[in-house]
Amino acid sequence: MNLAEKILAAHAGKNEVAPGEFISAAVDMVLSNDITAPIAIKEFRRLGVSKVFDTSKIVMVADHFVPNKDIPSAEQAKQMREFCLEQGIKFYDVGEMGIEHVLLPEQGLVLPGDVVIGADSHTCTYGALGAFATGMGSTDIAVAMATGDIWMKVPPTIKFVYHGTLGKWVGGKDLILYTIGDIGVDGALYSAMEFTGEAIDELSMDGRFTMANMAIEAGGKAGLFHVDNKTQLYIKSRANRDYLVYEPDIDTEYARVIEYDVTFIEPQVSLPHSPANAKPVNEVDNVKIDQAVIGSCTNGRVEDLRLAAQVLKRHKVRHGVRCIIIPGSQQVYLEALSEGLIEIFIKAGAAVSTPTCGPCLGGHMGVLAEGECCISTTNRNFVGRMGSTGSEVYLANPAVAAASAVAGMIVSPDRVMK
Amino acid sequence: MKLKGKVFKYGANVNTDVIIPARYLNVSEPAELARHAMEDIDADFVNNVRPGDIIMATTNFGCGSSREHAPLAIKASGVSCVIAYSFARIFFRNAINIGLPLLECAEAVDNTSSGDTLEVDLENGKIKNLSSGRTFMAKPYPDFMSELIAAGGLVEYTKKRLAHT
């Protein structure tokens, strides 16, 4: 069996599972947020169950429209807060919260070998830790909160092998945009993606979170990494419960194996209106920008902010460009503060915000007007994603976004860092 | 159960952001969401859709976010089913869980135009284009999915399961 199959078999109480098989899997963590929890709470009530199955395996995070952007969103956050209090569930509220997929690994709430489901499509982020993590809807989450298990169809797995060494300014974001550009937004539909190879071994944990995060953008059910020394080091200080590390069998079969040589991959930019429209940044000609957003569950970790600061240090955001930088959690914010990154951002003319998903989905804190163009380190550039249907979003890594904020147009960091 | 309605046809990768834009996700009442269904891909949809109508698309319908608001908005707008080449997996789960029927049938999509009237028999997956007279068969559901659908969605299915334990 491969990695996904091993984890699912163990959680279904079976010796073996095969792609296409329907199973009931025990869940280790169930997540929802201020958009998806209200429906999950309503459906939970309909089940007629009075208590959730295990308060230690459920969390709710208010991150999308908080700090509350309007009265209806305040009502949604209030519903979650009250439900969590009633049930004894941990609720991450403003001041303690972070963007859910930055926060949960950082707090040690998701660990290798776990099955994690979340009412948020980017739940696949935790695959970076060697967990089987996947996004579902509110009703699925309601049922899992009541019963502790969930139905799943075992997915086929596509193995990706990344050979070679990463070039300058190239990281997890570039590898995943390149991959989606190659296989398309439905290239891994219903499948698990297993990311391997020597370039992946070299990649930091933050880079791996970025890659796993965007598995869904290729239609993937999960995006998994093998547990290595970097993973162990990351969780060592965070884990406060037992976990199991699974490894794929050496002779296991995959639905497909796709290999890349990363040595010649340049920083990537995905053009509107699909993450699959990936191109090397140097082939993006003369695209002027009105806004740059650096943050999100994709690129809101401290390494991302370090990259942005490296570019913004001793530079100024170009007049006419709004550069919005959003640390992914309070801890990331604090680290950025103590490393002097926040000072660099403010001196460069960027705005720094408390953690929120905000602009990524056109919620608040950076909504685009008609005709405006934004470069963003987020994960989706669909029509109207960040505001007006007449606006455009280009996806890139934090260094490219920061360089573009300085140049006022989409450029490679090398153009600014001469 | 037989469904009948006029077709609204779209292309590939119709994502949840255009089905129900995030700016409307500060509420979750289906009727309120339905007022903005398909708004960013077809601004006239809500004015033209009638109870029973059918959405058609090619590959990967419903890709993007996990928002259950997307199938809820479509269902509450009066749409009786969605027929596509393929569906994004979270949207697929959500639709089945809330009782919005989905059918996979590329042949029907290829041989139907916007505005055609279809009759769909959910029992056997038969799709009849009343405008052209042609008939197509949708891909059958796996047994487990049929059980879920027959129960009336995941909550009803789970209630029965909990009652037995």
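In what follows, chains are A, B, ... by sequence order, proteins preceding strands, each numbered from 1.
In this structure, chain A has a heavy atom under 4.5 Å from the side chain of B/S86, while its backbone stays farther away. Contacts of B/F92 with chain A are made by side-chain atoms alone, with heavy-atom separations under 4.5 Å and no backbone atom involved. Of the atoms belonging to A/N379, not a single heavy atom falls under 4.5 Å from chain B. At a 4.5 Å heavy-atom cutoff, the contact between B/L148 and chain A is made by side-chain atoms alone. If you measure heavy-atom distances from A/I150 to chain B, the contacts under 4.5 Å come from the side chain alone. For A/N68, no part sits under 4.5 Å from any heavy atom of chain B, backbone or side chain. When heavy atoms are compared at a cutoff of 4.5 Å, B/E156 approaches chain A solely by way of its side chain, counted from C-beta outward. At a 4.5 Å heavy-atom cutoff, the contact between B/V155 and chain A is made by backbone and side-chain atoms alike. Residue A/M386: no heavy atom, backbone or side chain, is found under 4.5 Å from chain B. For A/S274, no part sits under 4.5 Å from any heavy atom of chain B, backbone or side chain. With a 4.5 angstrom heavy-atom cutoff, A/T134 touches chain B only via side-chain atoms. Only the side chain of A/L189 has a heavy atom closer than 4.5 Å to any heavy atom of chain B.
Here the side chain of A/Y190 pairs a donor or acceptor atom with the backbone of B/F87 at under 3.5 angstrom.
One distance of note links CD of B/E147 with CZ of A/F22; it measures 10.0 Å at 0.5 Å rounding. Going from atom CZ of B/R89 over to atom OG of A/S191 covers 10.5 Å, rounded to the nearest 0.5 Å.
At a heavy-atom cut-off of under 4.5 Å, chain A is reached by B/N97, B/I98, B/E104 from residues 96-112 of chain B, listed in order of number. Along residues 19-31 of chain B, the residues that come nearer than 4.5 angstrom to chain A, judged on non-hydrogen atoms, are B/A22, B/R23, B/L25, B/N26, B/V27, B/S28, B/P30 in order of number. Residues of residues 69-78 of chain B that come within less than 4.5 angstrom of chain A, heavy atom to heavy atom, are B/H69, B/L72 in numerical order.
Put simply, of B/T59, B/N15, B/N13, the one with the most heavy-atom pairs under 4.5 Å next to chain A is B/N15. Taking chain B as the reference chain and counting heavy-atom pairs below 4.5 Å, the highest number among A/V49, A/L361, A/D34 is found for A/L361. Of the listed residues (A/I71, A/T139, A/V143, A/D186), the one with the most heavy-atom contacts under 4.5 Å to chain B is A/T139.
Contact annotation: the side chain of B/I41 never approaches that of A/V383 to less than 4.5 Å [non-hydrogen atoms, C-beta and beyond].
The two residues A/D140 and B/R93 come nearest to each other via the heavy atoms OD2-NE, 2.9 Å. A pairwise comparison of heavy atoms in A/I216 and B/G64 identifies CG1-O, 4.0 Å as the closest pair.
Counting heavy atoms of neighbouring residues, nucleotides and ligands inside a 6.0 Å radius, atom NZ of B/K9 exceeds 12 of them.
A donor-acceptor pair shorter than 3.5 Å cannot be found between the side chains of A/T36 and B/E68.
The ring pair (Phe, Tyr, Trp, His ring centres under 6.0 Å) contacts involving residues 106-131 of chain B comprise nothing, where partners must be two or more places apart or lie in separate chains.
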| request: For the pair A/R385 and B/D40, evaluate salt bridge (charged side-chain N to carboxylate O under 4.0 Å, His left out) and give the outcome as yes or no after the intermediate values. | output: CA-CA 10 Å; A/R385 172 73 179 177; B/D40 282 1; over 6 Å; no
| After noting the C-alpha distance and the side-chain angles of B/S65 and A/R380, does the key distance pass the side-chain hydrogen bond (donor to acceptor under 3.5 Å, both in side chains) rule? | CA-CA 10 Å; B/S65 133; A/R380 291 191 178 127; 4.9 Å; no
